[in-house]
Every structure is written in structure tokens, then in C-alpha cells.
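All remarks here apply to the structure that follows.
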Amino acid sequence: MNWTLEVVIVPVSDIDRAKDFYATQLGFAVDHDTVISDGVRIVQLTPPGSGCSIVIGKGAVPEMPPGSLKGLQLVVPDIEQAHAELVARGVEVSAVQELGVNPRPVPHRLDNVGFVFFSDPDGNSWAVQQISSRADKSSS
């Protein structure tokens, strides 16, 4: 049986500001923006190519302090291109960092070890990792 992670709740203080950041600056698709009643709103956004979405909102989502979610991670095939796109969209992002050493030869020196980091307007933190090929799990 597959167990897939489909949604992560991201706690924010201003839904419209967060929606604009994730949709406009990060390029996430707005799946829906639903007002259920006064005080209840849910916005679901999905990163391009991802099977997992984020949800921001109020009322129908768990109460968490805005900015308290740390260590969310996206994966891209080209970290340098991702960095350039984030900079072009006005995201304050770290320089590309090489963290660690690959245990086996990989097609690109930054595979598995290339990262950039950024935070949303509330301080929820994100990492972006380059993985353009994965190790053959059957040989592990």
C-alpha cells in the first residue's frame, strides 16, 4: 500500500499576503480559495510538478503560530536554475550551497548536495535541494 503525503498546513498571519507570495513569487498553482463562512477560509496551493500541496487559511485549519513551520523542502533537478528563478521573482534566497559529499558518483556535482534556503513572509522556512537522479534502491 502506498502512503502519500498530499497536504501540509502552513501557518500564516495574513492569508492574502501568503497567497500572493506562494502564487506570484514561488509560482505555486492556486488550486482553490474557498470562503466557507465568516472566519473560515481555506487556500490550497501546489508547487509545479508536486503531488503535495500546502494549505493556508483560518478557521478550518489547525491553530499554529505563524512562522512556526521549519524545514519544508522542495526538490528540483537544477538548483542553479531554481536559484535564478527565485531571485528573478524577488524572493530573498540564500546563495547555492553544497552541503556534504555524495557517497557515489552522480551526473552533476550538486546532485543531492546542492541547496538554497528561503522563508515566507511569516518566517516559515524552506529548503530547495537538487536531485536530478536518484540512486538505484535495489542495489542498496
Side-chain angles (χ1 to χ4, degrees):
M1 175 184 324
N2 289 338
W3 295 57
T4 61
L5 180 64
E6 299 287 336
V7 173
V8 173
I9 307 297
V10 177
V12 300
S13 61
D14 182 321
I15 296 169
D16 290 319
R17 178 181 70 176
K19 177 183 172 186
D20 184 58
F21 175 79
Y22 285 104
T24 303
Q25 290 190 268
L26 296 184
F28 288 20
V30 178
D31 301 323
H32 62 84
D33 183 344
T34 305
V35 176
I36 297 169
S37 64
D38 283 346
V40 181
R41 179 179 175 196
I42 299 171
V43 180
Q44 181 173 319
L45 304 107
T46 303
S50 179
C52 185
S53 302
I54 64 166
V55 168
I56 57 176
K58 64 180 180 178
V61 297
E63 288 289 326
M64 295 184 286
S68 62
L69 198 55
K70 306 296 182 194
L72 293 167
Q73 187 162 314
L74 299 166
V75 171
V76 296
D78 184 329
I79 196 67
E80 291 161 331
Q81 180 182 346
H83 180 267
E85 286 183 23
L86 290 170
V87 168
R89 292 176 179 208
V91 176
E92 289 186 33
V93 62
S94 73
V96 173
Q97 300 175 32
E98 193 170 333
L99 303 177
V101 177
N102 276 299
R104 63 187 66 79
V106 291
H108 188 280
R109 71 175 182 81
L110 291 174
D111 278 353
N112 308 313
V113 298
F115 288 85
V116 296
F117 302 91
F118 67 90
S119 294
D120 74 8
D122 283 294
N124 295 298
S125 67
W126 292 80
V128 183
Q129 178 185 20
Q130 175 172 315
I131 300 179
S132 62
S133 63
R134 298 201 184 253
D136 180 8
K137 301 224 185 274
S138 64
S139 65
S140 299

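Along the sequence shown, residues carry numbers from 1. For clarity, every value in this text was computed on a predicted model and none was experimentally measured.
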Spell out, yes or no, whether Ile15 and Ile9 are grouped together once hydrophobic residues are joined by side-chain heavy atoms under 4.5 Å, including indirect joins. no
Which heavy atom in Asn124 sits nearest to a heavy atom in Ser68, and how many Å separate them? OD1-N, 3.4 Å
Straight-line distance of Ile56 CD1 to Phe21 CZ, nearest 0.5 Å: 11.0 Å
Do Ser50 side-chain atoms and Cys52 backbone N/O form a donor-acceptor pair below 3.5 Å? yes
Inter-residue atom distance Leu26.CG - Glu85.CD, 0.5 Å rounding: 10.5 Å
Can you tell me how far CD of Gln73 sits from CZ of Phe117, rounded to the nearest 0.5 angstrom? 7.5 Å
Does Asp122 reach the main-chain N or O of Pro66 with its side chain, forming a donor-acceptor pair under 3.5 Å? no
For Asp33 and Lys19, which heavy atoms make the closest approach, and how far apart are they? OD2-NZ, 2.8 Å
Drop me the distance from Asp111's CG to Gln129's CD, to the nearest 0.5 angstrom. 9.0 Å
Hey, does Val10 have a side-chain heavy atom less than 4.5 Å from the side chain of Leu72? yes
Between Gln25 and Gly90, is there a donor-acceptor pair closer than 3.5 Å when you use the side chain of the first and the backbone of the second? yes
Taking CD in Glu63 as the centre, count heavy atoms belonging to other residues, nucleotides or ligands within less than 6.0 Å. Is the count above 12? no
Decide yes or no on side-chain contact (heavy atoms from CB on, under 4.5 Å) for Arg89 and Thr24, but give the supporting numbers first. CA-CA 8 Å; Arg89 292 176 179 208; Thr24 303; over 6 Å; no
Nearest heavy-atom neighbours spanning Ala60 and Ile42: CB-CD1, 3.6 Å
Under 3.5 Å donor-acceptor, Asn102 side chain and Val113 backbone: no
Straight-line distance of Leu86 CG to Trp126 CH2, nearest 0.5 Å: 11.5 Å
Are Val30 and Val12 connected, step by step, through hydrophobic side chains (Ile, Leu, Val, Met, Phe, Trp, Tyr) whose heavy atoms are closer than 4.5 Å? yes
Rounded distance [0.5 Å steps], CZ in Phe28 versus CD1 in Ile54: 5.0 Å
Single-linkage hydrophobic cluster Ile36~Val7, side-chain heavy atoms < 4.5 angstrom: yes
Between the main-chain N or O of Gly123 and the side-chain N or O of Lys70, is there a donor-acceptor pair closer than 3.5 Å? yes
Set out, in order, the CA-CA distance, both residues' side-chain angles and the distance that settles side-chain contact (heavy atoms from CB on, under 4.5 Å) for Met64 and Leu69, then state yes or no. CA-CA 9 Å; Met64 295 184 286; Leu69 198 55; 5.6 Å; no
Determine the minimum heavy-atom distance between Leu5 and Val8, stating which atoms define it. CD2-CG2, 4.1 Å
Any non-hydrogen side-chain atom of His83 less than 4.5 Å from a side-chain atom of Val93? yes
Find out if a path of hydrophobic residues (ILVMFWY) with successive side-chain heavy-atom gaps under 4.5 Å connects Ile79 to Leu99. no
Among the clusters formed by ILVMFWY side chains lying less than 4.5 Å apart, do Val101 and Phe115 turn up in the same one? no
One pair to check against side-chain contact (heavy atoms from CB on, under 4.5 Å): Val75 and Val128. What are the steps and the verdict? CA-CA 6 Å; Val75 171; Val128 183; over 6 Å; no
Run the side-chain contact (heavy atoms from CB on, under 4.5 Å) test on Gln81 and Val76 for me, step by step, so that the C-alpha distance in whole Å, both residues' side-chain angles and the decisive distance to 0.1 Å come before the verdict. CA-CA 9 Å; Gln81 180 182 346; Val76 296; over 6 Å; no
Do Ser53 and Asp31 have side-chain heavy atoms sitting under 4.5 Å apart? yes
Over all atoms of both residues, closest heavy-atom pair of Gly27 and Pro48: O-CG, 3.6 Å
